There are 2 protein chains.
Amino acid sequence: MAEVTLKDVARASGCSVATVSRVLAGTRPVGAETARTVREAAERLGYRPNHVARALRRRATGTVGLVLPQITNPFFPALVRELEHALHAAGRAVLLADCDDDPATEAARIAEFLDRQVDALLLIPVDERRSREAVADAARRVPVVLLDRGCGPGVADSVAVDNAAGMQLVLDHLAAAGRRRPWFVGAAGTTTTAAERRAAYEAGAAALDPEAPGRVELGDFSVAWGRAAVDRIWPSRPDAVVCANDLIAVGALQRLRQLGADVPGEVAVTGFDDVPLAGLADPALTTVRQPVTELAAEAARLLAERSAGGVPSDGAGPSRAIRLAPQLLVRASG
Amino acid sequence: MAEVTLKDVARASGCSVATVSRVLAGTRPVGAETARTVREAAERLGYRPNHVARALRRRATGTVGLVLPQITNPFFPALVRELEHALHAAGRAVLLADCDDDPATEAARIAEFLDRQVDALLLIPVDERRSREAVADAARRVPVVLLDRGCGPGVADSVAVDNAAGMQLVLDHLAAAGRRRPWFVGAAGTTTTAAERRAAYEAGAAALDPEAPGRVELGDFSVAWGRAAVDRIWPSRPDAVVCANDLIAVGALQRLRQLGADVPGEVAVTGFDDVPLAGLADPALTTVRQPVTELAAEAARLLAERSAGGVPSDGAGPSRAIRLAPQLLVRASG
DNA sequence: ATGAAAGCGCTAACAG
DNA sequence: CTGTTAGCGCTTTCAT
């Protein structure tokens with residue numbers, strides 16, 4: 001398996017390595033006849049460009065680092081899939097890092113990817129505050145796009161669903177259905193998703209009932225918390241449990257059923273994200289669908305634009321925050 | 001952000017780039033005093049080795065390609081997570097590819113990773129037959145480890161759960177519970193998991209009932225198929241529905257409940273894999289847990305061993321097929 | 001133990 | 001349009 005190099009192709013096709021490079025990389029115009037000869041020789045020898053050498057010379061590896069909190073979070077696989085496809089279509093390979101929801105690990109992975117000369121970074125920050133420094137450092141070196149969650153204003157370009165709009169869709173729907181005693185079950189962490197969804201509930205729930213904005217329980221984004229939260233709020237007989245994500249909602253659904261509550265007759269339950277689990281719950285979960293494909297496409301586009309200039313995120317123009325509209329999926333749970 | 005190179009450190013520490021390289025890469029013994037000076041200078045200047053240049057020179061990138069059928073398959077995220085951790089611990093970065101369950105895409109991704117000079121490949125083949133050629137080609141170039149699914153004998157090292165043992169655990173459990181009319185609901189595709197689980201059912205089900213091995217319905221690994229399969233087998237009143245994976249089992253569970261069947265009183269339902277969804281189903285699914293962490297650790301170990309020789313998979317000794325013991329999780333569904 | 005020098009395979013000036 | 005010439009940043013002989 002002696003690797004075939006440009007030099008071999010040059011020798012076989014009787015021209016210089018420079019010409020071969022130009023033909024094969026398509027960098028500059030080349031005589032049609034020469035090009036054919038070269039391509040033939042390359043084909044015949046089974047030449048494959050060495051991306052490492054190319055990267056060293058071009059100072060661009062054609063890779064982007066994707067750093068996320070936890071791939072086992074059920075919302076992420078679909079996003080990763082779409083990102084992988086979008087980036088591959090743009091000719092870039094994806095280096096993946098899972099941070100175990102730990103900002104220190106996240107910072108280490110980001111640094112490692114930078115050492116590996118990624119052209120850009122796609123980050124889903126673990127935490128709005130504690131990720132900020134590492135993200136800002138990274139954004140000083142390469143284009144960075146934040147996904148799904150933010151990291152403070154102006155740190156880098158970001159793409160996310162419009163959480164406030166999504167929560168408003170839920171509230172409008174509940175209002176139209178005549179629900180008047182909603183409770184919000186959210187997450188206490190400092191992710192932007194947790195904060196924005198909660199804030200949107202507090203801002204919009206008064207339309208159902210003046211007391212509603214105060215009815216908030218905060219835990220984490222888990223099924224277990226959903227179950228536990230129901231035990232805390234059920235005594236006050238809510239007619240709607242508005243959950244900050246689908247995992248919480250699934251837990252709430254389970255516990256409500258154990259308690260013999262009638263969903264949705266007696267109480268509605270809503271989620272957020274539309275993870276695969278949501279459609280499988282019983283009753284199927286009314287939730288807010290994130291436009292995953294579009295999120296990935298926008299992220300890829302931002303990355304391409306920043307990369308075109310070859311500048312780090314903070315080097316060219318103000319950072320852009322793109323918010324995509326969500327969609328309400330009304331299913332059986334409310 | 002002018003990048004600090006070895007040359008800069010050499011200048012700052014008053015010695016040659018060779019010495020600096022030796023100190024920082026730890027390749028060869030170096031005077032204690034010199035080493036200290038160099039390290040100090042490197043620290044002070046914020047030197048970070050350029051992995052691309054290093055890779056070109058060493059002919060090793062420190063990356064491994066992970067190619068899988070579909071990250072949205074709920075069994076994979078946990079596996080990806082463990083693999084990422086195990087490989088990172090070994091100092092290797094992970095390039096990720098999602099093939100959309102398509103062998104042609106898979107072949108293309110593998111080739112692309114090879115062009116990018118990955119040191120090794122971790123593959124979950126899309127299909128036992130149709131992936132074989134691309135896998136065999138790859139195994140001729142770099143160490144390859146197959147995960148979860150096989151690709152024909154002797155093609156490359158492989159690590160997977162012992163599917164036959166897992167199915168036997170299920171059958172033993174059902175037999176002990178007095179079940180005598182089991183049906184198997186599996187997948188028709190040509191993945192090894194589909195084939196092995198089905199074969200193990202056919203081999204072991206006679207212990208429950210001589211007719212049982214023939215009671216097999218084949219579709220695909222999906223919730224929808226689980227639902228559909230129940231409609232086909234329910235008229236013959238099985239007392240156990242043995243499913244080839246958890247998705248099928250969840251579908252079966254849903255449909256059985258719609259039909260008013262009593263699970264597990266009237267009919268038991270079992271799955272395979274123990275995806276997160278399994279514990280959340282109602283009733284919670286009795287299933288076979290795959291030892292995900294151990295699978296990842298074994299895969300990383302095989303990779304490291306093969307890589308130590310720097311040889312492709314078929315270059316050193318016979319290929320090894322490692323099978324890990326599964327564990328039965330008895331939950332409420334049977 | 002250290003330094004000088006030769007590349008890894010490729011691309012980008014710069015000439016012609 | 002094409003060839004010649006320098007390297008990219010690093011590791012590794014080969015001397016000393």
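Chain letters run A, B, ... following the sequence lines, proteins first, then strands; residues in each count from 1. When reading the values below, keep in mind they use all heavy atoms of this one structure, side chains included, and skip hydrogens, waters and symmetry mates. In this text the structure is predicted, and so the values were computed from the model without any measurement.
- If you walk DNA chain D from 5' to 3' and mark each nucleotide with an atom closer than 4.0 Å to a heavy atom of chain B, the marks span dG9(D) to dT13(D).
- Listed by residue number, Tyr47(A) are the residues of residues 34-47 of chain A with a heavy-atom contact under 4.0 Å to DNA chain C.
- Note that CD of Glu106(A) is 9.5 Å distant from CZ of Arg130(A), once rounded to the nearest 0.5 Å.
- In the helix from dA1(C)-dT16(D) to dG16(C)-dC1(D), the end axes, each obtained as the rotation axis mapping the C1' atoms of four pairs onto the next four within a five-pair block, lie 40° apart to the nearest 10 degrees.
- Expressed to the nearest 0.5 Å, how far OG1 of Thr191(B) lies from CD of Glu128(B) amounts to 8.0 Å.
- Closest approach of Leu87(A) to Leu122(A), counting heavy atoms only: CD1-CD2, 3.7 Å.
- Interatomic distance, CD of Glu84(A) versus CG of Leu95(B), reported as 10.0 Å (0.5 Å rounding).
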Residues Val38(A), Val20(A); criterion side chain to side chain contact (heavy atoms under 4.5 Å, CB included); working and verdict: CA-CA 6 Å; Val38(A) 168; Val20(A) 177; 3.9 Å; yes
Chi angles and distances behind the side chain to side chain contact (heavy atoms under 4.5 Å, CB included) call for Asn50(A), Gln117(B): CA-CA 7 Å; Asn50(A) 181 327; Gln117(B) 314 290 119; 3.6 Å; yes
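- Here dG7(C) presents its C1' atom at 12 Å from CG of Leu56(A), a figure rounded to the nearest Å.
- Mapping Val52(A) and Gly31(B) onto DNA chain C via the closest heavy atom, the residue that lands nearer the 5' end is Gly31(B).
- More than 12 heavy atoms of other residues, nucleotides or ligands shown are found within 6.0 angstrom of CZ on Arg323(A).
- Checked against Val80(B) for a side-chain contact (heavy atoms from CB on, under 4.5 Å), the options Val80(A), Leu96(A), Asp98(A) give a single hit: Leu96(A).
- Distance CD/Glu305(B) to CZ/Arg320(B): 4.5 Å, rounded to 0.5 Å.
- Put simply, OG1 on Thr293(A) and CD on Glu82(A) are 3.5 Å apart, with the number rounded to the nearest 0.5 Å.
- Remark: P of dG7(C) and CZ of Arg57(B) are 10 Å apart, rounded to the nearest angstrom.
- A residue-by-residue look at Leu6(B) and Arg22(B) shows that Leu6(B) has its nearest nucleotide of DNA chain D further toward the 5' end.
- Using a 4.0 Å cut-off between charged nitrogen and carboxylate oxygen, Glu43(A) and Arg36(A) do not count as a salt-bridge pair.
- Between Asp8(A) atom CG and dG9(C) atom P there is a gap of 9 Å when expressed in whole angstrom units.
- Between Arg59(A) and dA12(C) there is no side-chain N or O to OP1 or OP2 distance below 4.0 Å.
- A residue-by-residue look at Arg28(B) and His51(B) shows that His51(B) has its nearest nucleotide of DNA chain D further toward the 5' end.
- When rounded to the nearest whole Å, the span between CG of Asn50(A) and P of dT11(C) equals 9 Å.
- Using a 4.0 Å heavy-atom criterion, one finds that Thr5(B) contacts the sugar-phosphate atoms exclusively.
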